[in-house]
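The structure displayed is predicted, hence computed values, not measured ones. No hydrogens, no waters, no symmetry mates; every other heavy atom, side chains included, goes into these values. Nothing fancy with the numbering, it's 1 onward along the sequence.
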Amino acid sequence: MDKESRLYLAILIFQVVCAILFLLGLISTVTGLFQINWQFYEAIELAAALGLLVGAGLGGNMLRRSLKEKGRMQQQLKAASGAFMDHLSDQFDEWMLTPAERDVALFAIKGMSTAEIATLRGVSEGTIKAQTNAIYRKADVSGRSQLLSFFIDGLVELPMDTPRAEKA
């Protein structure tokens, strides 16, 4: 456990202890089961208030850090997505796919069925089957799973920590 985590844990324990003592003081006041010196009771209330303030400050700090990390992760995801689309486009260029074949390949990679692609493109399923066969032939793969695997393998090789280069 790192130093920061130990600090957060210590403050959490402090808050729990203060909350328990505060509740015991309230129970004592309401039920009269046991008597607590008023000075000790005031010290408990001060400690509980201090624990709440420290906890609120640390909670705000952790929220700020989490939001910052979320923003950083979203930027990385956006960069990776853009790099993947660049990779797809470059590979489609290398295979010399037609614009229609590019659309069909992209829909197939997204996991759409032949019928769904045909509906989206407004053509028959036979046309989509012919286009997918042309794609598989040009890509030198035997089917959709190998096509998808080709791009997943390429994605694993993409650098994730550098911003993508802008296309000329």
With Gln91, which residues qualify under side chain to side chain donor-acceptor pair (under 3.5 Å), at least two apart?
-> none
pair Tyr8-Asn61: side-chain heavy atoms closer than 4.5 Å | yes
Got a second to check how far Leu58's CG is from Leu53's CG, nearest 0.5 Å?
-> 11.0 Å
Is the backbone N or O of Ser145 less than 3.5 Å from a side-chain atom of Ser149, with the two atoms forming a donor-acceptor pair by type?
-> no
Please check if Val54 and Leu52 belong to a single hydrophobic cluster, counting links between Ile, Leu, Val, Met, Phe, Trp and Tyr side chain heavy atoms closer than 4.5 Å.
-> no
Find the distance between CG (Leu147) and CG (Asp140) and round it off to the nearest 0.5 Å.
-> 11.5 Å
Identify the two heavy atoms, one from Phe151 and one from His87, that lie closest to each other, and give their separation to 0.1 Å.
-> CD2-CD2, 3.8 Å
Ser124 meets the side chain to side chain donor-acceptor pair (under 3.5 Å) criterion, sequence neighbours left out, with Thr127
Below 4.5 Å, heavy atoms only, C-beta onward: do Leu77 and Ser81 meet side chain to side chain?
-> no
Mind listing the side-chain donor-acceptor pairs of residues 107-115 below 3.5 Å, one per line with the distance, residues two or more places apart or on another chain?
| from | atom 1 | to | atom 2 | distance (Å) |
| --- | --- | --- | --- | --- |
| Ser113 | OG | Glu116 | N | 3.1 |
| Ser113 | OG | Glu116 | OE1 | 3.4 |

Closest non-hydrogen atoms of Leu97 and Ala105, given as atom of the first, atom of the second and distance, are CD1-CB, 4.2 Å
On a heavy-atom basis, the closest approach of Thr31 and Ile27 is OG1-O, 2.6 Å
Give the minimum heavy-atom separation between Leu106 and Phe92, together with the two atoms involved.
-> N-CZ, 4.3 Å
Between Ile128 and Val104, which heavy-atom pair has the shortest distance, and what is it?
-> CD1-CG2, 3.9 Å
Enter the distance from Gln131:CD to Asp103:CG here, rounded to the nearest 0.5 Å.
-> 8.5 Å
Sequence neighbours excluded and cut-off under 3.5 Å, please list the side-chain donor-acceptor pairs for residues 14-26, or say none.
| from | atom 1 | to | atom 2 | distance (Å) |
| --- | --- | --- | --- | --- |
| Gln15 | NE2 | Gly51 | O | 2.5 |

From the list Lys70, Lys78, Arg72, side chain to side chain contact (heavy atoms under 4.5 Å, CB included) partner of Gln74 resolves to Lys70
Pairing residues for Tyr136 by the ring-ring contact (aromatic ring centres under 6.0 Å, His included) criterion, not counting sequence neighbours = none
Residues forming a side chain to side chain donor-acceptor pair (under 3.5 Å) with Asp2, sequence neighbours excluded | Ser5
Audit row: Trp95, Glu101, side-chain contact (heavy atoms from CB on, under 4.5 Å) steps and yes/no | CA-CA 10 Å; Trp95 292 337; Glu101 290 169 343; over 6 Å; no
